Amino acid sequence: MPYHSSPKNEDKLPSKMKQNIVNKSGLHHKSKKKMMKHANHHSAKHLRMMIDLIKNKKMSFKDSHIEASKKVGK
């Protein structure tokens, strides 16, 4: 393994603000776990929009991510 590589942040939890957004979302347990991993790479605004799309418009995780990326960005 090269010295310049760093370990993945898979195990690292997102910030408290992002955790609160995901925990209070009312999503299914599996979706919450997926969203917590997703939170490491995206903004709180992106996550809020994804959660709204999943709950209100009944979109899938993937479709809501694409839509949120178009409207809000990363």
Side-chain angles (χ1 to χ4, degrees):
M1 178 181 253
Y3 290 106
H4 63 276
S5 66
S6 61
K8 293 276 184 184
N9 289 335
E10 298 286 327
D11 299 331
K12 185 179 174 190
L13 289 173
S15 69
K16 288 285 183 192
M17 185 177 75
K18 290 181 184 178
Q19 284 180 12
N20 288 337
I21 290 169
V22 174
N23 287 335
K24 294 178 183 175
S25 64
L27 297 175
H28 190 267
H29 179 69
K30 279 188 175 184
S31 298
K32 280 186 185 180
K33 272 181 104 173
K34 206 181 225 187
M35 196 66 82
M36 288 295 262
K37 276 189 175 182
H38 196 68
N40 285 331
H41 305 76
H42 296 283
S43 67
K45 194 173 181 182
H46 177 92
L47 297 174
R48 256 189 250 111
M49 180 168 225
M50 276 188 70
I51 290 167
D52 288 342
L53 291 171
I54 289 170
K55 286 170 53 178
N56 299 334
K57 297 203 176 183
K58 308 294 186 217
M59 283 188 165
S60 68
F61 189 89
K62 184 178 180 182
D63 292 340
S64 65
H65 170 70
I66 292 168
E67 188 72 24
S69 294
K70 284 180 186 175
K71 290 187 178 178
V72 175
K74 193 172 180 182

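Numbers here are sequence positions counted from 1. This is a predicted model, so every value here is computed, not measured.
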query = Could you state the interatomic distance from CE (Met35) to NE2 (His28), rounded to the nearest 0.5 Å?
reply = 14.0 Å
key: Inter-residue atom distance His65.NE2 - Ser60.OG, 0.5 Å rounding   = 11.0 Å
note = Partner of Lys55 under side chain to side chain contact (heavy atoms under 4.5 Å, CB included), picked from Leu53, Ile51, Asp52, is Ile51
remark   = Correct closest heavy-atom pair for Lys18 and Ala39 would be NZ-O, 3.1 Å
ask   = What do you reckon, is NZ of Lys32 surrounded by more than 12 foreign heavy atoms closer than 6.0 Å?
value = yes
remark   = Value for NE2 (His41) from CG (Leu47), rounded to nearest 0.5 Å, stands at 11.5 Å
ask   = Met50 versus His38: any side-chain heavy-atom pair under 4.5 Å?
value = yes
remark   = Nearest heavy-atom approach of Met49 to Ala68 is SD-CA, 3.8 Å
request  = Please answer whether the main-chain N or O of Ile54 pairs with a side-chain N or O of Lys57 as donor and acceptor at a distance below 3.5 Å.
outcome  = no
Over all atoms of both residues, closest heavy-atom pair of Ala44 and Met17 = CB-CE, 3.5 Å
inquiry  = To the closest 0.5 Å, what do you measure between NZ (Lys37) and NZ (Lys33)?
reply    = 7.5 Å
